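Atoms considered below: every heavy atom in the structure, side chains included; atoms not considered: hydrogens, waters and symmetry mates. Computed from a predicted model, the values in this text were never measured in an experiment.
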Amino acid sequence: MKKFIRLKNLVLLAAFSMFALSCDNDDTDVVDRNDDTNNTIAAVATGESSLSSLVAALVQADAGLVEALSDNDKTYTVFAPTNAAFDALLGNLDGYDSLEDFDTDEEKALLAKILTYHVVAGIAAKSTDLSDEQTIETLQGEDVTVSLDGGVFIQDATDMDAQVTLPDVMASNGVVHLIDKVLLPQEVLDALSGDEEMDSKNLVEIVVETEALSILEAAVIKAGLVETLSSDGPFTVFAPTDDAFVALLGILGDDYNGLDDFDTDAEMMLLKDILLYHVIAGAEVKEADLAEGSVETALAGNAIEVIASGDTFVIGDASDTDANITGTDIMASNGVAHTIDKVLLPQSAIDFVASLSLKTIVEIAVETDDLSLLVGALQQADAGLVETLSGDGPFTVFAPTNDAFVALLGALGDDYNSLSDFDTAEEKELLVKVLTYHVVSGTAAFSTDLSNGQMIQTVQGENVGINIKDGTVHVEDATNENASVVLPNVEASNGVVHVINKVLLPQEVLDILNPPTPNIVGLAQSVPDLSLLVDALIQADAGLVDVLSGDGPFTVFAPTNAAFADLLDALGPDYNSLADFDTDAEKELLATVLTYHVVAGAAVASGDLTDHQELVTVQGESLFALTSHSIRIRDRSTTDANVALADQIASNGIVHVVNKVLLPQVVLEALGLPVRH
């Protein structure tokens, strides 16, 4: 590979202008006119053979400069080196016979820096606009200086000025001044002269070529830091040797035999953190620059300590063991490296090493006698919870004690004497809901991370609440009784366990164990012997289902299916089913019958009824309660109804099941049936 550009000798810079001047008289193609306002600067240069090298350079740089100088929406002043000026530059560059030798990305970038140093953006400055000792910022970023002593001269970063040999060539988007020398900014001079040798290796290349740093090389590649440590810098790198990495792997244990074992996202992030902890960004700290004190590293928020030790220094990290510096001042193009005999560990790495000796949440539960029923519940649920809580996590687990599970079983009644009684698919699913309500996924929340009034979503889906009182953490579930944390902050490798004195119950489980009281319609729907009553409510098509699903309270006397069958028999062959109430008049009649069974505004229990008590119905007529011997309900027909099943509680009232459809006088008269006198 061709070496980066280097001047044969700095003294040759002084020859540039002399060589260019000697060639001026031989350049027969020099522009001899000062006006081409119909063409852009790029077109003007292309049309002049004396500027063909400039055009070739613009193309070779491949940086969009031709396009820029062809833009009529922009204005430029261009100091345009002649062909002779470019010949002088190439003649004094080692290994560059033509502009085509600028063929690598780095060399094209350097050529672009040279060319943009000849361009001033935003103005079209004629020679008459220039003043002596005027400084002008170029597109490259550095300034050129104008000298008007004996002509128009342009001073660059060298000791030799360029002379304007033909000023004020006007173009449609600016002005061109031909000059007899290629201008060089300090940035390019530094590269050409060796102040910043472009053939020196960057830090990554040095690591790659150093046999004792092969593991560091692999680590940098694995962590995706090659591009970072190959960039401009400057960086100072404390480079652990292979022996240092082997020692670290030994500390980590049998699960870490090489870098390949850093394969999870968390481990990859840890490896990157460790490597960044060895880098000081933005500074080149040589051995002579080392001084005692704390130094921030490229790992944000983490510093290393430079510690005096005899006539040298050691490097302190978050561990108790310092690193010795074994090699110093390995210079690179983008910084300096020092080899050390230990991998430096930030606090995150110390925490990781400590976590390796921790047990998983499941292992902790298995080894804790007072959590044996929790372990049994996890196994009985048969839903992979043991495997889940043995995984990476992190998890926060509120772990009920054995006494807490015994209390739950006692509250569930005789059907649940042990966890093995959760033996059907439905019961196991219920147990899963209970257990996952004790687990928070994605965080290891220690007691110091919890706050009073905090709500935390569990794996089951519902929240638990945190109540902190007198320094004790209490956990609120869907019941009226909180759990207390009796042993907080049992750290696990995959989270944290807080032991609690109660099994937490979500609302979903409470609803299953104690189904909510249905409203009157729901109650009727749940009783098979009231199915014809439900059908009648629907058939009447008078919004009665919605009414009896409302707030109430209501007292409903609910006729059985047999009661409706008796009514249909009494009505004759035209009424074989409730569907025969199909005209508007018949539906209205049916609604009148049904509302005669409803008392609004009170839920009257059977024990509150008194003999001959009048009950005004929603229909408007009254019913009468008869309480001697048994409870009967008297309507306007000649036969009383017996209450077959009293006091069925609904959320919006009370239902008494009766063995007869109650009929008001208006319906009896409409149907031609006998009325009680």
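Screening residues 335-364 for salt bridge (charged side-chain N to carboxylate O under 4.0 Å, His left out) gives D317-K342 as the qualifying pairs, with residues at least two apart or on separate chains. For residues 249-292, the pairs satisfying ring pair (Phe, Tyr, Trp, His ring centres under 6.0 Å) are Y256-F262, Y256-F352, with sequence neighbours left out.
A 6.0 Å sphere centred on CG of D261 holds more than 12 heavy atoms belonging to other residues, nucleotides or ligands. Annotation: D105, atom CG; neighbour count of heavy atoms from other residues, nucleotides and ligands within 6.0 Å does not exceed 12. When the shell of 6.0 Å around CD of E292 is examined, it contains more than 12 heavy atoms from other residues, nucleotides or ligands. By the 6.0 Å contact criterion, CE on M269 is open, its count of non-hydrogen atoms from other residues, nucleotides or ligands being 12 or less.
Here the NZ-CG distance, from K272 to L275, works out to 10.0 Å after rounding to the nearest 0.5 Å.
Under the 3.5 Å distance criterion, the side-chain polar atoms of H338 are matched with a main-chain donor or acceptor of D329. No donor-acceptor pair under 3.5 Å is formed between the side chain of S294 and the backbone N or O of A303.
Donor-acceptor pairing under 3.5 Å is lacking for the side chains of S319 and T321. Looking only at atom types and distance, the side chain of D156 has a donor-acceptor partner in the side chain of T158 under 3.5 Å away. Between the side chains of N334 and S230, no donor-acceptor pair of N or O atoms lies under 3.5 Å. Remark: the T339 side chain and the T326 side chain contain an N/O donor-acceptor pair separated by less than 3.5 Å. Side-chain contact, E462 with Q507: no donor N or O sits under 3.5 Å from an acceptor N or O. For the residue pair T472 and D470, no side-chain donor N or O sits within less than 3.5 Å of a side-chain acceptor on the partner.
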*Could you go through the ring pair (Phe, Tyr, Trp, His ring centres under 6.0 Å) check for F398 and H438 one step at a time?*
CA-CA 5 Å; F398 298 102; H438 292 75; 7.9 Å; no

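Using a 4.0 Å cut-off between charged nitrogen and carboxylate oxygen, K113 and E187 count as a salt-bridge pair.
For the pair E227/V204, no side-chain contact is recorded, criterion being any heavy-atom separation below 4.5 Å from C-beta on. Here the side chains of Q380 and L431 are in contact, with some heavy-atom distance below 4.5 Å. Using a 4.5 Å heavy-atom cutoff, the side chains of D97 and L90 are not in contact.
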